[in-house]
Structure formats: C-alpha cells, structure tokens
Amino acid sequence: AAEATTGGGRIRRFRERRFERPGAALAAFRRGEVALLAHVPADQVAKLAETPDVSLGTYAQPTVHVLALDGRNPALRNRTLRRAISYAIDRAALLEEAIVRGPLRDGQSPADGVFARGGPLDAPGVKPLGHDPVLALALASLAKGEMKLDAIKLKLEFPDVPEVQAVVPRIVEALRAARIEVEPIAAPRSRLESELRTGRRFDLAYRIVRAEEPVLAAGSMILPGYDAPPSANALASSASPRILQLLLQLEKAVDWPGARGIAIQIDRELRDELPVIPLWQLNEHYA
C-alpha cells in the first residue's frame, strides 16, 4: 500500500507501507489511511468496484499460481506421485469456493502450465488438468510401491497472502485424502520467494508467478532457483529432466521464432511432465 501527498493536483511523494498481517493493508485502505492498494484480494474485487471514490485497475499480465516441486527430494522425482498430486486437486472448485468466493469472471480459470492461458506461449489444444480423487489415491498407492515407501510425507511452504491462506488447508485436505501427508508452513511472501530463488531445498512451495517477458523468465517460473549460483545446485531441483533439457535449449535460442517455438513446446509437455503443479490464473487488480 502507498500513501500519497498531493499539491495542486500533482503527486509529490509516495511512501510505501508494508503490512505484516494479511488483510491489514486492505483494512487500512478502507479506513482511508493509504491511497493506493497494490493488491486487491480476488474475493474483494467486486465489493471495492462498488465502493464510492474507489477506482480499480488491472495489471497487464495475469498471475499464475503453482505448486513448485523440488526434485532433490527423491519422492518428487517420481512421476506417478506428481500425477497423484495433480489429480487430487479440484482446481475449478477451489478457485471458485476458496479464492474468488463467487462465480468466476474473465481472467479467472484453472491453469494448465506456468504461461498464461490465451497468451502467445499458450500451446493450442492443451486442456486444463483434471480432478479425479479415486485415481489420485490409486496413483499415490502405486508410487509408494514403486519407491518402497510406507508413507509419503511432504512440507508445503506458502506465502501469507489472504487468498493462499484460504486455499492451502483445502489443498492439504485433498492430498491427505490421497494418503499424501502434507505439513503446511506459512512464511512472508517476499522472504519465501527470495529464499527459494537462492536455490535452497524445499519439498512443495506455493508460488504466484507473473512475468512481463515469460520467454526470458521461463526457467525461474518453473524452477525457483534457476538463476541461483551454480554452488546451490538448483538445477538438480528439476523434477523432470525433459523440461530441464527444453529450458536449456531455450537459453541457447538465437531468435524470437525459435525461442517462442521452444517455449510453446515447454507449455505443451509441462502438462504431462508436471515439473510444477499448475493451479489457476487470476487477473490481478490494484485500487
């Protein structure tokens, strides 16, 4: 959120204020203590749009919400387990019931990858990921047998963003129904993202990704530590050798048509390789 000091109709100064408690920025905005709210929770967009003296704006690029996976955990290198995690999550229901809390509007939809649907890198013909709790349970049991494990226990780190806090318990519940035990761990969004980008280890991490130039940012959208120093060994976090191969090819592309073609191929294969678990995409608003 930001306070603005004006004089003669011109903005002379902005002062940024960060609020540690989720929802505190929105409350301060409603009290008139701040003039600009950088992020409007998805379930508050309609209410603020009807509020007198409040104007809403939309960011140029939507955000895509994903579960990042760390392939340095041997269990997450198992494609059967990754498919089980994906099938356990009812994206459409969670988006509507826990995040938007109402009918879905334009720009709100389940995601099939890290690139925005309908954008220039969206592979044609790729359908959103399905939800099948029975198949998720069967795949998780099969994965345990493949890895000779009695139980699968993972940690899910997530940012303290209101929408995310509302939906993570539902994701944990869905995975536990598939006999995948998940411990949720909350952290400030900026700290979590900066730590992930250093290449440190994790199991699952809820990330909100957005890029003005997704071709250039594809690596870090899929692997949080993609640009970390080599000593972090972050490339080993890729749960899919095939997607890592395509990302390295993308780095070597010498022209836009070639880069775009590789990026679209990444989007097409990401749905089945699942180096990340796509969740949903949202148009982001400020007020």
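Note on Ile277: it does not cluster hydrophobically with Val64, by side-chain heavy-atom contacts below 4.5 Å among ILVMFWY residues.
The closest donor-acceptor contact from the side chain of Arg91 to the backbone of Pro278 lies under 3.5 Å. Judged by distance alone, with hydrogens and angles left aside, the side-chain atoms of Arg271 form a donor-acceptor pair with the main-chain N or O of Lys127 at under 3.5 Å. When atom types are taken as modelled, the side chain of Asp122 and the backbone of Arg117 share no donor-acceptor pair closer than 3.5 angstrom. Side-chain atoms of Thr51 do not come within 3.5 Å of backbone N or O of Val54 as any donor-acceptor pair. When atom types are taken as modelled, the side chain of Arg260 and the backbone of Pro120 share a donor-acceptor pair closer than 3.5 angstrom. For the pair Arg176 (side chain) and Val182 (backbone), a donor-acceptor distance under 3.5 Å is present. For Ser194 (side chain) and Ser190 (main-chain N/O), a donor-acceptor pair under 3.5 Å exists by modelled atom type. Judged by distance alone, with hydrogens and angles left aside, the side-chain atoms of Arg82 form a donor-acceptor pair with the main-chain N or O of Ala239 at under 3.5 Å. No donor-acceptor pair closer than 3.5 Å links the side chain of Asp70 to the backbone N or O of Asp203.
Proximity of Leu154 to Asn73: side-chain heavy atoms (C-beta onward) are separated by under 4.5 Å at one or more points. Side chains of Glu213 and Gln61 form no contact here, defined as non-hydrogen atoms less than 4.5 Å apart. No side-chain heavy atom of Val276 sits less than 4.5 Å from a side-chain heavy atom of Leu67. Looking at Leu274 and Arg79, their side chains never come closer than 4.5 Å, going by heavy atoms from C-beta outward. Thr63 places none of its side-chain heavy atoms less than 4.5 Å from the side chain of Gln281. Considering only heavy atoms from C-beta on, Arg207 stays 4.5 Å or farther from Phe158 through its side chain. Contact annotation: the side chain of Ile152 approaches that of Lys144 to within less than 4.5 Å [non-hydrogen atoms, C-beta and beyond]. With a 4.5 Å cut-off on side-chain heavy atoms, Leu250 and Val215 count as touching.
Here Ile171 contributes atom CD1 and Ile85 contributes atom CD1; the two are 11.0 Å apart, rounded to the nearest 0.5 Å. Put simply, CG on Leu137 and CG on Asp132 are 10.5 Å apart, with the number rounded to the nearest 0.5 Å. Remark: Leu95 CG to Ile89 CD1 distance equals 12.5 Å, nearest 0.5 Å. Atoms CH2 and CG, from Trp280 and Asp112 in turn, are 14.5 Å apart once rounded to the nearest 0.5 Å. For the atom pair Ser220 OG and Asp227 CG, the distance stands at 5.5 Å (nearest 0.5 Å). Annotation: the span from Gln265 atom CD to Leu246 atom CG amounts to 6.0 Å, rounded to 0.5 Å.
Nearest heavy-atom pair across Pro275 and Ser240 is CB-CB, 4.0 Å.
A salt bridge is absent between Lys153 and Glu181: the closest approach of a Lys/Arg side-chain nitrogen to an acidic carboxylate oxygen does not fall below 4.0 angstrom. Salt-bridge formation is not detected for the pair Glu193/Arg189: no Lys NZ or Arg NE/NH1/NH2 atom is positioned less than 4.0 Å from an Asp or Glu carboxylate oxygen. Look at Glu97 and Arg170 and you find a salt bridge, because one of the NZ, NE, NH1 or NH2 atoms lies within 4.0 Å of a carboxylate O, short of that distance. No salt bridge links Arg201 with Glu195; every basic N to acidic carboxylate O contact stays at or beyond 4.0 Å.
Side chain to side chain, Glu146 and Asn78 meet the donor-acceptor criterion of an N or O pair below 3.5 Å.
Around the CZ atom of Arg179, the shell of radius 6.0 Å holds no more than 12 heavy atoms that belong to other residues, nucleotides or ligands. Other residues, nucleotides and ligands place more than 12 heavy atoms under 6.0 Å from the OH atom of Tyr226.
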With side-chain contact (heavy atoms from CB on, under 4.5 Å) as the test, would you mind laying out the steps for Gln108 and Asn283 before giving the verdict?
CA-CA 7 Å; Gln108 300 170 335; Asn283 280 338; 5.9 Å; no

Fill in: Worked check of side chain to side chain donor-acceptor pair (under 3.5 Å) between Ser238 and Arg72
CA-CA 8 Å; Ser238 175; Arg72 290 169 293 192; over 6 Å; no

- prompt: So Leu139 and Leu81, side-chain contact (heavy atoms from CB on, under 4.5 Å) or not? Walk me through it.
  reply: CA-CA 6 Å; Leu139 288 170; Leu81 177 59; over 6 Å; no

Show, in sequence, the C-alpha distance, side-chain angles and deciding distance for Val164 and Ile208, and conclude whether the side-chain contact (heavy atoms from CB on, under 4.5 Å) test is met.
CA-CA 9 Å; Val164 180; Ile208 303 171; 4.0 Å; yes

**OP:** Would you sort out whether Leu244 and Leu223 count as a side-chain contact (heavy atoms from CB on, under 4.5 Å), showing the intermediate values?
**Re:** CA-CA 9 Å; Leu244 179 58; Leu223 303 177; 4.2 Å; yes

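Note: Tyr206 and His65 meet the aromatic proximity criterion, with ring centroids under 6.0 Å apart.
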